[in-house]
J.: 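Below is the structure I would like to discuss, written out as structure tokens.
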Amino acid sequence: MIVAGNWKMHHGPESARSFLRKYRPPTGMEEEPRVLIFPPALSIPAAREALTSNGGVELGAQNMHWETEGAYTGEISPPMLVELEIRHVLVGHSERRAHFGETDADVTRKVRSALEHGLEPLACVGETLEEREDGRVEEVLRRQVEHVLEGASGHAGGPGIRLAYEPVWAIGTGRTATPEDVSRAHGNIRGTLAEVLGHEQAREIPILYGGSVKPENAAGLMEAPNVDGVLVGGASLDPESFAAIVAAGSGGRKSG
Ligand code: 13P
């Protein structure tokens, strides 16, 4: 199980430090989930500093450019993340796609570049409400997953990627997909992975769910078949609610 927090554009350096001072990993868990936090890039050094007393949390970046360096004002490169000892990077979040014009082709480039630099991409896929109402969920997920896999193709030692299914209509809306919806979508995603990579490799790729995950619904979602963890937005901003979700991840079941 993986419990990941995407802070989006919240928690500047001081506030990141304060979160991590307050965050206490739950104790007495049967099986500890892996805990990742994606702060804004500027807050990463402060978060890292505050983490020295809080070993269980790994840090990631919310975005990066695919190029190593160059005239790309406002962007952050993979080597810059590596220099900050960052290991994880979100790629293709729906907010990047919707507000910053990130395309499937960009996602392919970013996944490829992340892997080339030794970073572990957590690539986000998910349909909009309109696509869902048009009955296009499978088609959209297939197209997005294929672009992620194109970026991972030829990567030595396996694909090295993780996926997050984040239906756009469930993000920040309080409207969570049901565990049945999530299982079905994850099953589709797993099917596409298996077609491209074969069943064995497909089984190794964690698929997280994101979209209005809260302490109250986290356990049910993580117990659903084919769900390997959650990617939490709003409820990851408060140390106590995030800790409650981490605790919910300790009783979950692995897919397989
Ligand atoms: P919310 O949990 O706020 O719906 O956000 C989900 C998300 O986008 C995580 O990446």
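All heavy atoms count here, side chains included; hydrogens, waters and symmetry mates do not. Indexing begins at 1, ligand by ligand and atom by atom, following the structure's order. Numbering of residues begins at 1 and proceeds along the displayed sequence.
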J.: Anything under 30° is parallel, anything over 60° is perpendicular, the rest tilted; go ahead and classify Phe19 against Tyr23.
T.: parallel
J.: Are any of the side-chain nitrogens in Asp181 or Arg132 under 4.0 Å away from the carboxylate oxygens of its partner?
T.: yes
J.: What I want to know is whether Thr173 and ligand 1 share at least one N or O pair that is separated by under 3.5 angstrom.
T.: no
J.: Identify, by atom number and element, the atoms of ligand 1 in contact range of Gly234, meaning under 4.0 Å from any of its heavy atoms.
T.: 1 (P), 2 (O), 3 (O)
J.: For ligand 1, does Ile171 get within less than 4.0 Å through its side chain, its backbone, both, or neither, judged by non-hydrogen atoms?
T.: both
J.: Just which atoms of ligand 1 are under 4.0 Å from any heavy atom in Leu231?
T.: 9 (C), 10 (O)
J.: Using only heavy-atom distances, determine whether the side chains of Asn226 and Ser183 contain a donor-acceptor pair under 3.5 Å.
T.: no
J.: Which residue supplies the protein heavy atom nearest to atom 2 (O) of ligand 1, what is that atom called, and how far is it?
T.: Gly233 N, 2.9 Å
J.: Can a salt bridge be assigned to the pair Asp104 and Arg109 using a cut-off of 4.0 Å between side-chain N and carboxylate O?
T.: no
J.: Mark the output for Ala170 as yes if a heavy-atom distance to ligand 1 is under 4.0 Å, and as no if none is.
T.: yes
J.: Which residue pairs satisfy the ring-ring contact (aromatic ring centres under 6.0 Å, His included) criterion with at least one member in residues 177-202, sequence neighbours excluded?
T.: Tyr165-His186
J.: Same cluster for Val35 and Tyr209 if Ile/Leu/Val/Met/Phe/Trp/Tyr side chains link at under 4.5 Å?
T.: yes
J.: In terms of atom number and element, which parts of ligand 1 are under 4.0 angstrom from non-hydrogen atoms of Ser212?
T.: 1 (P), 2 (O), 4 (O)
J.: Would you call Gly211 a ligand 1 contact, heavy-atom distance under 4.0 Å?
T.: yes
J.: Measure the distances from the heavy atoms of Gly210 to every atom of ligand 1 and state whether one is below 4.0 angstrom.
T.: no
J.: Quick one: does Lys214 get a heavy atom under 4.0 Å from ligand 1?
T.: no
